[in-house]
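Report on the structure given below.
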Amino acid sequence: MIHDHDGPLGVRRILGVLALAKHHGVGAVEAACATALELAVPSYRFVRRYLEHRPPSPLTLRQIDPLIRQLTLYRELIDRRADKEVLE
């Protein structure tokens, strides 16, 4: 819609909307763009202000990641440390 309205000059605005996804996340930007289209206000400024005034999404923790070890490894470590303290 931005390109249809502004033509080639709208490309910078479109790039600006895409850059917002790095900071706010793709889902939030898509929701903001959908709202802009529903309200017939297809502009970078609307999308940016919409994202600035919406509450931040809650952080989610990843349950599976290469950096997170299995709980059994932590349990074994604690058991070994506890055994060493009992022997001393």
Side-chain angles (χ1 to χ4, degrees):
M1 291 291 292
I2 291 174
H3 191 269
D4 289 344
H5 185 263
D6 298 334
L9 297 175
V11 172
R12 287 194 57 182
R13 294 180 185 103
I14 294 169
L15 293 174
V17 170
L18 294 174
L20 290 172
K22 292 179 184 175
H23 185 263
H24 296 282
V26 174
V29 173
E30 285 183 357
C33 290
T35 303
L37 291 175
E38 287 176 17
L39 298 174
V41 188
S43 70
Y44 165 77
R45 180 175 288 162
F46 176 86
V47 173
R48 187 191 70 210
R49 289 198 176 154
Y50 181 88
L51 292 168
E52 288 173 354
H53 290 92
R54 94 184 250 281
S57 60
L59 295 176
T60 58
L61 299 176
R62 294 179 67 181
Q63 296 297 321
I64 299 174
D65 190 283
L67 297 176
I68 300 174
R69 297 181 183 142
Q70 295 178 10
L71 288 177
T72 55
L73 296 174
Y74 291 111
R75 188 178 313 126
E76 291 170 3
L77 176 66
I78 292 170
D79 289 343
R80 280 184 286 173
R81 295 273 172 108
D83 289 342
K84 285 182 182 178
E85 289 180 8
V86 171
L87 295 175
E88 292 178 357

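Note that these values count all heavy atoms, side chains included, but never hydrogens, waters or copies made by symmetry.
The two residues Tyr44 and Val17 have their closest heavy-atom pair at CD1-N, 3.6 Å. The nearest pair of heavy atoms linking Arg54 to Ala28 is NH1-CB, 3.3 Å.
Side-chain contacts under 4.5 Å among hydrophobic residues (ILVMFWY), followed directly or transitively, place Leu9 with no other residue at all.
The CZ atom of Arg81 lies 13.5 Å from the CD atom of Glu76; values are rounded to the nearest 0.5 Å. For the atom pair CD1 of Ile2 and CG of Leu15, the computed distance is 10.0 Å after rounding to the nearest 0.5 Å. A distance of 11.5 Å separates CG in Leu77 from OG1 in Thr72, rounded to the nearest 0.5 Å.
Ion pairing between Arg48 and Glu52 holds under the 4.0 Å rule for side-chain N and carboxylate O.
Linking Ile, Leu, Val, Met, Phe, Trp and Tyr whenever their side-chain heavy atoms come within less than 4.5 Å puts Leu51 and Ile14 in one cluster. Both Val11 and Leu18 are assigned to one and the same hydrophobic cluster, defined by single-linkage of ILVMFWY side chains at heavy-atom distances under 4.5 Å.
More than 12 heavy atoms of other residues, nucleotides or ligands sit less than 6.0 Å from atom CG of Leu73.
In terms of modelled atom types and a separation under 3.5 Å, the side chain of His53 and the main chain of Arg49 share a donor-acceptor contact.
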Please tabulate, one pair per line, all N/O donor-acceptor pairs under 3.5 Å involving side-chain atoms of residues 29-43, not counting sequence neighbours.
from, atom 1, to, atom 2, distance (Å)
Thr35, OG1, Ala31, O, 3.0
Ser43, OG, Phe46, N, 3.1

